[in-house]
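Before any comments, here is the structure.
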Amino acid sequence: MAYPFFEIEPRWQAFWEENKTFRTPDEPDVERPKFYVLDMFPYPSAQGLHVGHPEGYTATDILARYKRMRGFNVLHPMGWDSFGLPAEQFAIKTGNHPREITDENIATFRRQLKMLGFSYDWDREIATTDEEYVRWTQWIFLQIFKRGLAYESDMPVNWSPDLCAVLANEEVEEWRAKGYTVERRSMRQWVLKITEYAERLLADLDGLDWPESIKEMQRNWIGKSEGAEVDFQIGEDKVRVFTTRPDTLFGATYMVLAPEHPLVDKIATPEQAEAVAAYRAAAASKSDLERTELAKDKTGVFTGAYAVNPVNQERIPVWVADYVLWGYGTGAIMAVPAHDTRDFEFATKFDLPIIQVVEPPEGVDWRGYVGDGIAVHSGEYDGLTTAEFKQKITAWLEETGQGVGKVNYKLRDWLFSRQRFWGEPFPLLHCETCGVVTVPEDQLPVRLPAMQDYRPTPDGQPPLARATEWRKAKCPQCGGPALRETNTMPQWAGSCWYYLRYIDPRNSTALVDPAKEKYWMPVDMYVGGAEHAVLHLLYARFWHKVLYDCGVVSHPEPFQKLVNQGMILGEMEYTAYRNAAGEFVSAEQVDDNGMDKRTGEKLMPVKMADADLQKQGDGFVLKKQADIRVVARAHKMSKSRGNVINPDDIVKEYGADALRLYEMFMGPLTQVKPWSMKGVEGVARFLNRVYRLVVDEETRALSAKLSDAEPTREQLRALHVAIKKVTGDIEKMEYNTAISAMMIFVNEAQTWDALPRTIVEPFLLILSPFAPHLAEELWNRLGNEDTLAYEPWPVWKEEFLQEETIEIPVQVNGRLRGRIRVPSAAAESEIIAAALECAEVQPHLAGKEIKKKIYIPQRMVNLVVAG
RNA sequence: GCCCGGGUGGCGAAAUGGCAGACGCAAGGGACUUAAAAUCCCUUGACCGAAAGGUCGUGCGGGUUCGACUCCCGCCCCGGGCACCA
């Protein structure tokens with residue numbers, strides 16, 4: 001029978017709540033070290049918690065509980081990223097305020113998180129939709145605005161007429177997949193100048209303790225490239241191109257302008273004008289996606305004009321092609337087909353000349369060679385390396401006024417407005433005489449108006465445009481009439497700074513108290529999904545740097561250490577395929593859409609039980625029909641697939657501690673791993689064994705084996721081995737092996753006739769970060785009155801780890817032949833002697849010359865023999 | 001195409017260059033029980049062998065080393081991200 005987790009867990013949750021066990025004082029003892037451990041806060045969706053949430057949350061909770069026991073002041077908060085499109089969609093459908101559904105969803109999430117026993121300081125709970133929170137989000141925007149980092153711009157946006165909403169680029173695919181249409185439309189937008197921070201956002205990555213892959217993704221996103229801008233003369237006009245390879249100027253055989261380039265119409269010759277105009281029109285109607293997706297085949301049109309290459313006065317033809325982007329660099333390039341893949345494809349297709357100017361290493365074809373080499377056919381520069389050439393030619397361009405060294409970034413400014421209701425209103429007014437005016441700080445927050453209809457206006461104005469009374473305001477500068485801004489901020493806004501508000505969540509005079517900020521920041525451990533690798537983490541870093549420049553925060557980076565948890569997939573599924581005739585079809589004959597590759601027939605997927613399967617090679621086949629291979633895969637959890645695991649169900653059946661422990665035991669935190677219901681049962685059995693160490697299962701009284709006797713050497717050793725392993729593994733967040741060490745301890749402990757309290761109590765302490773309810777309960781049953789949350793963490797002693805004798809494996813020529821048992825203090829010579837004596841080893845030495853005797857202390861003997 | 005991860009028993013996994021497979025699951029056998037559940041004990045990488053023991057084995061092919069899952073070189077497969085950024 002299972003231990004009564006259903007009584008124990010709610011009781012301790014109530015205890016922690018009543019006693020405010022995990023309250024972090026507003027004025028902590030600053031003599032102690034601090035530890036700020038943060039989860040990426042969730043969007044409280046209507047679906048409630050899924051098993052992916054507790055994975056990261058348990059990982060941080062273990063660390064938080066451990067650090068408290070190590071004497072740290074710990075800040076471990078939780079809150080809600082509660083603006084979001086689903087609530088708005090719901091409001092449009094029902095006419096209810098989005099706040100209603102949002103509050104309901106938050107209540108569900110809060111209940112579910114409390115049910116899992118996380119040690120959050122719930123007094124610091126915040127939601128981005130709280131008006132007090134919105135106030136400071138707006139305040140930060142004002143600082144950004146005042147620093148000239150926000151501007152209005154007409155920008156093409158993704159407008160969905162079905163949703164009546166504008167979507168972010170990264171949201172387009174998601175909603176298209178759900179069947180909504182999305183089109184391009186130009187709208188007035190607010191944009192933030194994140195590009196002004198590109199260099200700092202790039203440079204400061206170096207000092208962060210983040211996964212290298214995430215840093216690399218951010219670097220690629222920022223996309224710094226160094227090169228030069230060079231002027232080419234076309235008639236009386238100068239056209240500037242950007243190149244990272246000014247050393248290939250002598251190889252430029254044509255030039256390409258982006259279709260949007262303003263000079264295109266002007267330079268096109270009358271004979272080419274029609275073709276050029278047609279091409280531009282075609283390019284304009286394509287979406288970004290179409291332009292890039294059809295990238296395989298290059299298109300373009302000759303303008304009829306020629307440009308003059310400044311290095312050799314050669315006349316080169318000017319083309320228009322959409323493989324040159326208007327948004328990057330100058331929207332114009334010099335094409336060097338010999339040494340650029342795209343130019344090479346284009347030149348090949350349109351039969352343009354290809355001139356070699358870089359000599360690649362021996363044996364490499366120069367056509368399409370894009371690496372560094374030695375300059376050729378470049379006049380006086382011949383013989384220079386790529387690096388030297390770049391430097392010299394850039395200097396020459398600058399001297400002669402024909403160009404300049406230049407750094408470009410892929411990063412674009414951040415489209416920051418949304419045409420939605422459920423977001424933070426911009427604290428801005430449009431005054432007829434003064435233009436755009438900021439709302440004075442003492443009038444914040446600008447609240448959302450009460451509305452009946454949350455849809456945008458039919459002409460695409462944001463929903464707030466319907467609130468005609470709300471829009472009317474007085475200009476704080478001239479006192480004249482003004483209209484409120486009707487755009488709202490994107491969901492990112494609230495998540496850009498929430499980690500600061502946790503530090504001082506009820507401060508009504510400042511975003512955060514500077515002394516508290518200085519004490520707690522930066523975040524020491526930030527855990528969340530890799531899906532936020534670029535956007536959230538880049539935006540938050542940007543806002544943080546602006547606040548740093550404003551003097552609001554004391555450190556240039558918000559998140560010192562970052563860990564991404566791996567996704568939890570559904571249970572492993574074995575799928576076989578059947579055709580209409582009912583015959584099985586082997587997996588290699590099935591294409592990605594479930595069709596028979598040979599006949600094109602649609603096949604029926606059939607789920608198989610593992611009892612029907614056997615391993616063959618690196619896959620599985622049917623036991624009854626070994627020529628039929630099946631597909632073995634774990635899939636992402638999704639409603640449509642029906643493989644979603646609900647944490648509520650697990651807690652009901654096995655308890656919160658079992659769920660926590662299982663998710664940590666599955667494998668390394670950062671790895672993708674499939675769920676296994678049997679695995680949950682396994683850790684539940686372990687928790688039962690722990691319970692039975694202390695409590696007699698029949699009587700529910702304390703176990704008769706508990707004793708006040710002195711522990712044996714063996715018992716001390718078992719305990720201290722566990723303490724050492726668990727301590728080290730928690731520091732490294734290698735929780736799966738920590739749990740394994742505790743299992744080994746319990747497996748051993750349950751064989752003992754007597755269990756000293758001095759052994760079981762420290763064990764409960766090291767178990768407590770993982771299974772806090774059970775640990776508290778047993779700690780309490782052993783007679784301790786108070787929570788164990790602040791008990792000092794047990795310390796292992798090396799002397800207890802020592803064994804009197806140790807076993808040493810003996811190899812001959814690197815192959816294991818025998819084992820010897822020696823006193824652990826034995827000298828090398830004694831050990832070698834014992835190894836040579838070893839009965840299993842001797843046959844392998846007989847009659848052979850021993851050339852070398854290798855001894856690795858405490859580990860291994862290897863005897864190298866000749867022949 | 002480019003950039004990251006990853007590939008070890010039937011499955012999840014473990015292993016500072018030093019006994020590959022700890023721990024858990026599953027499977028098989030046994031104890032307890034009228035019986036079942038629960039619990040406990042034993043076996044369990046593959047192959048040869050009655051056993052002792054031996055051979056092979058960490059995606060594939062090479063290399064370094066007394067010794068390689070681990071380090072180096074070249075590939076293959078799977079997952080994720082980016083994708084005409086000059």
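Proteins get letters first, then strands, A, B, ... in listed order; numbering begins at 1 in each. This is a predicted model, so every value here is computed, not measured.
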Quiz item: Can Ser225(A) and Tyr409(A) be said to form a side chain to side chain donor-acceptor pair (under 3.5 Å), step by step?
Solution: CA-CA 6 Å; Ser225(A) 51; Tyr409(A) 300 91; over 6 Å; no
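- A salt bridge is absent between Asp729(A) and Lys724(A); no separation between the charged side-chain nitrogens and carboxylate oxygens falls under 4.0 Å.
- Comparing U44(B) with A36(B), their C1' atoms are spaced 26 Å from each other, to the whole Å.
- Between C11(B) and A26(B), the two C1' atoms lie 7 Å apart (nearest whole Å).
- Among the heavy atoms of the strands, none lies under 4.0 Å from Thr341(A).
- As rounded to whole Å, 15 Å separates atom P of A26(B) from atom CE of Met666(A).
- Atoms CZ (Arg685(A)) and P (G24(B)) sit 10 Å apart, rounded to a whole Å.
- Around atom NZ of Lys349(A), more than 12 heavy atoms belonging to other residues, nucleotides or ligands sit under 6.0 Å away.
- At the heavy-atom level, Thr243(A) lies under 4.0 Å from the strands shown only through sugar-phosphate atoms.
- The glycosidic torsion of G67(B) lies more than 90° away from 0, which places this base in the anti conformation.
- Separation of the P atoms belonging to G24(B) and A68(B) is 30 Å when rounded to the nearest angstrom.
- Residue order along RNA chain B, read from the 5' end via each residue's closest nucleotide, puts Met572(A) first among Met572(A) and Lys852(A).
- Side-chain proximity of Arg689(A) to A86(B), G24(B), A13(B): nearest is G24(B).
- In this structure, Asn408(A) reaches neither bases nor backbone, as no heavy-atom distance under 4.0 Å exists between it and the strands shown.
- The distance from atom CD of Glu260(A) to atom P of A86(B) is 18 Å, rounded to the nearest whole Å.
- Closest to the Arg633(A) side chain, of the nucleotides G79(B), C84(B), G24(B), is G79(B).
- To the nearest angstrom, P of G80(B) lies 12 Å from NE2 of His635(A).
- For G57(B), neither phosphate oxygen OP1 nor OP2 lies less than 4.0 angstrom from any side-chain nitrogen or oxygen of Arg815(A).
- C82(B) atom P lies 14 Å from atom CD of Glu216(A), rounded to whole Å.
- Sorted by first then second residue, the side chain to side chain donor-acceptor pair (under 3.5 Å) pairs that include residues 664-676 of chain A, not counting sequence neighbours, are Glu55(A)-Lys673(A).
- One finds a side-chain N or O of Asn747(A) lying less than 4.0 angstrom from the OP1 or OP2 phosphate oxygen of G24(B).
- The side chain of Val324(A) lies closest to A86(B), out of G24(B), A86(B), A14(B).
- Checked by atom type, the side-chain pair Asn862(A)/Tyr855(A) shows no donor-acceptor distance below 3.5 Å.
- Both Gly331(A) and Ile739(A) lie near RNA chain B, and the one whose nearest nucleotide falls closer to the 5' end is Ile739(A).
- Residue Gly329(A) is classed as having no contact, given no heavy-atom separation below 4.0 Å to the nucleic acid.
- Taking atom P in both G67(B) and C56(B), the straight-line distance is 15 Å, to the nearest Å.
- Nucleotides C41(B) and C23(B), compared at atom P, are 12 Å apart to the nearest Å.
- A distance of about 14 Å separates the C1' atoms of U58(B) and A46(B), rounded to the whole Å.
- To the nearest angstrom, P of A13(B) lies 8 Å from NZ of Lys673(A).
- The side chain of Lys615(A) has C11(B) as its nearest neighbour among U39(B), A13(B), C11(B).
- Using a 4.0 Å heavy-atom criterion, one finds that Phe620(A) contacts the sugar-phosphate atoms exclusively.
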Practice problem: List the protein contact pattern of nucleotides 15-22 of chain B with one symbol per nucleotide (5' to 3'): B for base contact, S for sugar-phosphate-only contact, - for none; contact means a heavy-atom distance under 4.0 Å. | Solution: -B-BB--B
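- Residue-level contact check: Gln671(A) touches the backbone only, with heavy atoms under 4.0 Å from sugar-phosphate atoms and none from bases.
- Between Glu803(A) and Arg717(A) a salt bridge is recorded (basic side-chain N to carboxylate O distance below 4.0 Å).
- Residue contacts for Pro211(A): at a heavy-atom cut-off of 4.0 Å it reaches no nucleic acid atom on any strand shown.
- A donor-acceptor pair shorter than 3.5 Å cannot be found between the side chains of Trp752(A) and Gln750(A).
- Between G10(B), C84(B), C23(B), one nucleotide has an atom nearer to the side chain of Asp322(A) than all others, and that is C84(B).
- A salt bridge links Arg641(A) to Glu573(A): at least one charged side-chain nitrogen sits closer than 4.0 Å to a carboxylate oxygen.
- A donor atom on one side chain and an acceptor atom on the other are found under 3.5 Å apart for Arg821(A) and Thr805(A).
- Between the side chain of Lys298(A) and the base of C84(B) there is at least one donor-acceptor pair of N/O atoms closer than 3.5 Å.
- Heavy-atom neighbours of Lys853(A) NZ from other residues, nucleotides or ligands within 6.0 Å: at or below the threshold of 12.
- For G81(B), neither phosphate oxygen OP1 nor OP2 lies less than 4.0 angstrom from any side-chain nitrogen or oxygen of Ser213(A).
- Regarding Asn220(A), its CG atom lies at a distance of 10 Å from the P atom of A83(B), rounded to whole Å.
- For G7(B) and C69(B), the P atoms lie 14 Å apart once the distance is rounded to whole Å.
- Counting only Watson-Crick or G-U wobble pairs whose defining distances are both under 3.5 Å, the stems of 3 or more consecutive pairs in RNA chain B are B:1-7 with B:76-82, B:10-12 with B:23-25, B:27-31 with B:39-43, B:45-48 with B:53-56, B:59-63 with B:71-75.
- In this structure, Lys298(A) fails the cation-pi test against Phe346(A), since its NZ or CZ atom is not both closer than 6.0 Å to the six-membered ring centre and inside 45 degrees of the ring normal.
- Minimum interatomic distance between Ala834(A) and Ile820(A) (heavy atoms only, all atoms of both residues): O-CG2, 3.7 Å.
- Neither OP1 nor OP2 of A86(B) sits under 4.0 Å from any side-chain N or O of Tyr323(A).
- Rounded to whole Å, the P atom of A14(B) lies 14 Å from the corresponding atom of G59(B).
- Side chain of Tyr735(A) to backbone of Ala59(A): a donor-acceptor contact under 3.5 angstrom is found.
- Regarding Asp247(A), its CG atom lies at a distance of 14 Å from the P atom of A86(B), rounded to whole Å.
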